[in-house]
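One-based numbering, in listed order, for ligands and for the atoms of each.
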Amino acid sequence: MRWTQALIPTLKEAPAEAEILSHKLLLRAGLLRKLASGVYTFLPLGLRALRKVEQIVREEMDRAGALEILMPALQPPEIWQQSGRYETARDVLYKVRDNSKREWVLGPTHEEVVTTLAAGELGSYRLLPKNFYQIQVKFRDEIRPRFGLMRAREFIMKDAYSFDTTDEGAMASYRKMYDAYSRIFERCGLKTFPVEADTGVIGGSHSHEFMVPAETGENDVVYCEACGYAANIEKATSGIPRTAARELGAAVEKFPTPGVVTIAALSKAPHAVPANRQIKTLVYLADSKPMLVLIRGDDQLNETKLMARTGAAQVRPADVANPADLAHFHALGAMPGSLGAVAKVPADWPVLADERLRGANDMTTGANEDGFHFRHVSLERDIRVTHWHDLRTVTAGEPCAKCAKALKIRRAIEVGHVFKLGTKYSEKLGALFVDVDGARKPCVMGCYGIGVTRTLQAVIEQCNDADGIIWPLAVAPYAVCLTPLVVAPDSAVMQLAEKIYAALTAAGVDVILDDRDERPGVKFKDADLVGFPIRVGLGEKSLAKGEVELKPRGGAITFVKAEEAVAAVLKALGR
Ligand code: ATP
Ligand code: MG
């Protein structure tokens, strides 16, 4: 490709819309343009890089035995109603109407479609196992689209879905995808690490996210350097000890606490109850049903864990500002700040307590009477706990549950997710097969996603310097940029550039010839900004010595003999 024939609209300054480095570089290097918030056009160079990521994904999925298909983005809402996600995923669903007022869903993911396909096609154990994948556009009505391709409304995902006859088979399929993902990210030049992820109501430990360490990531990952434990904070646990038991002692005693409505206030004089001897009582609504959630005063509730444990599709704190929620506080007899689970808790309300409170006594909590608290509270004696769960959020420095070393927390970008689904979708959408014994059974499923466009941007977030992008060779839009500093067609410099260009092109190298009549500084700056892995500089001065410049992006210049330039480039490319 000749630069003058391409479209590479590089920018000196990043548009104000770009908040993070990789987003700025996507725009500045002329790879991407915004149409609307969370909706982008790939320019030629951006698309080339994207296609390379896709190709790596495709090769590794094929290698793992998955079959490529292409499912529609436009989906009938009925299958979403059948799976139950028409309601539970409503926040992210884009719905459109056709001219006859019929509603359609724009697919945010394809479990419903692929399971419907399996219901029609995979009716016998003889046809199983199968793993279908596609590389396709997804639509999600994200509350906050941001950071360019990282969180978009429309983006490209590789999604795969495995169907097995047994649990063990499903585990083997899961393993294969896990291994394929490791290879994919490695081939893309991206450093990732797998972490245990939330499995929601399905439970178990068969969900891993592939994370790219980055300050701009939207996930917190808890990890242990000593033993390698790593989990999304939504799922992470630690070996933190339970609350120290004290003498059971006196019965519950009510005491006045006028105006004291926070853990912090109660921990100060005159009451001076340390936060770790307080019980925080929260009112939550799980699918609109009220419940109490008890957490130690110095801990934070983890809503993802709460959601997983309750199995509810929607979980939210009751809100005093919401008139509909006020009835729940009235039922307890107090407002937040004086809530507790000792007295006046409606008999049908579940009371969920965090494991760290198990066995705790001599605790202090609200009395369900504004301006009063109870002290000497024993969880076992005085509170009707209906469920004990791990509900707290791990903090840095807590001991690892496996090896007791101090846990750390870092920010990361989720680029991929592998998940053993079990039979949830196959049961709801009728993906049954006839087994060897003649019985009809639901397929055991797994689902596996890679954010292809997010992965592309994560590469840029990880591979850059002050001058621009440093593309890993495997995903670079062009591997080589030829930069002649004289472009007159009859000049020796340009003629050599043309020769090298022709030879590299013939050798199958992706090469771009910067034939612009621009100052050297402009050309070098652009080549560095776009980030081509190898730049070949051709100028009159070095050519007089019979040499050309070879510069790996981010590395030092070396000089090679003009006639050996092609061989040197091929060698640098590992050919
Ligand atoms: P997130 O937690 O970041 O919203 P998710 O867990 O909802 O993502 P999955 O349903 O697991 O995402 O989708 C598979 C992959 O698709 C993710 O690992 C991520 O790389 C990518 N992805 C998800 N949502 C978006 C988005 N809005 N924009 C770009 N990529 C996305
Ligand atoms: Mg995910």
Side-chain angles (χ1 to χ4, degrees), residues 20 22-23 26 32 34 36-40 42 46 50 53-54 57 61 73 83 85 88-94 106-114 133-161 174 177-178 180-182 184-185 188 190 192-200 202 206-214 216-221 231-235 303-304 307-308 411-421 425 445-462:
I20 65 172
S22 52
H23 188 193
L26 276 168
L32 194 76
K34 173 172 130 176
S37 165
V39 183
Y40 294 91
F42 278 85
L50 180 66
V53 175
E54 288 180 359
V57 170
M61 295 308 288
S83 73
R85 288 208 291 189
T88 59
R90 69 176 322 134
D91 290 352
V92 298
L93 285 188
Y94 275 108
L106 296 181
T109 175
H110 278 69
E111 280 82 4
E112 281 76 4
V113 177
V114 79
Y133 81 96
Q134 64 173 348
I135 297 173
Q136 190 254 13
V137 63
K138 299 281 182 272
F139 296 90
R140 291 191 184 182
D141 191 355
E142 298 281 358
I143 310 168
R144 247 190 107 191
R146 58 178 188 157
F147 299 162
L149 302 173
M150 290 292 187
R151 186 163 299 284
R153 293 191 152 101
E154 178 181 327
F155 60 97
I156 295 175
M157 196 199 286
K158 184 287 300 174
D159 42 333
Y161 306 89
Y174 181 89
M177 287 295 105
Y178 182 103
Y181 276 32
S182 306
I184 286 167
F185 295 123
C188 289
L190 195 55
T192 60
F193 60 106
V195 309
E196 292 175 22
D198 171 45
T199 45
I202 292 165
H206 304 309
S207 170
H208 287 88
E209 288 160 342
F210 285 77
M211 293 287 187
V212 177
T216 54
E218 297 186 273
N219 294 269
D220 279 314
V221 169
N232 191 312
I233 199 151
E234 295 177 342
K235 154 102 180 177
E303 283 192 359
T304 309
M307 193 148 165
R411 301 286 287 170
I413 302 163
E414 175 197 331
V415 285
H417 193 171
V418 292
F419 199 116
K420 181 163 165 275
L421 281 172
Y425 290 94
M445 290 175 60
C447 67
Y448 319 94
I450 288 182
V452 179
T453 40
R454 186 186 284 185
T455 297
L456 178 75
Q457 188 171 338
V459 170
I460 299 174
E461 188 71 19
Q462 199 170 71

message = Would you say the rings of Phe185 and Phe210 are close, in the sense that their centroids are separated by under 6.0 Å?
response = yes

query = What residue and heavy atom of the protein are closest to atom 30 (N) of ligand 1, and at what distance?
reply = Phe155 CD1, 3.4 Å

query = What protein heavy atom sits nearest atom 19 (C) of ligand 1, and how far off is it?
reply = Arg454 NH1, 3.5 Å

Numbering as shown, the atoms of ligand 1 that approach Val415 to under 4.0 Å (heavy-atom distance) = 18 (O), 20 (O)

task = Give a yes/no answer: is there an N/O/S atom of Glu209 under 2.8 Å from the Mg ion (ligand 2)?
result = no

ask   = Counting each atom of ligand 1 from 1 as listed, which ones have a heavy atom of Gly451 under 4.0 Å away?
value = 15 (C), 16 (O), 20 (O), 21 (C)

request  = Take every heavy atom of Thr109, measure it against each atom of ligand 1, and state whether any distance is under 4.0 Å.
outcome  = no

request  = Going by heavy-atom distance to atom 9 (P) of ligand 1, choose the closest among Glu209, Lys138, Arg140.
outcome  = Arg140

ask   = Nearest protein heavy-atom contact for atom 28 (N) of ligand 1: which residue, which atom, what distance?
value = Ala152 N, 3.0 Å

ask   = So, Glu218 and Arg146, do they make that salt bridge, N to O below 4.0 Å?
value = yes

remark   = shortest atom 1 (P) of ligand 1-to-protein heavy-atom contact is with Arg151 NH2, 3.4 Å

remark   = Taking only non-hydrogen atoms of Gly416 and a 4.0 Å limit, the atoms of ligand 1 in range are 18 (O)

request  = Using non-hydrogen atoms of the residue, decide whether Asp159 is closer than 4.0 angstrom to ligand 1.
outcome  = no

key: Heavy-atom nearest option to atom 29 (C) of ligand 1, drawn from Glu414, Lys158, Met150   = Met150

request  = Could you tell me whether ligand 1 has any atom less than 4.0 Å away from a heavy atom of Glu218?
outcome  = no

message = I'd like to check which ligand 1 atoms, numbered from 1 as shown, lie under 4.0 Å from a non-hydrogen atom of Glu142.
response = 24 (N), 26 (C), 27 (N)

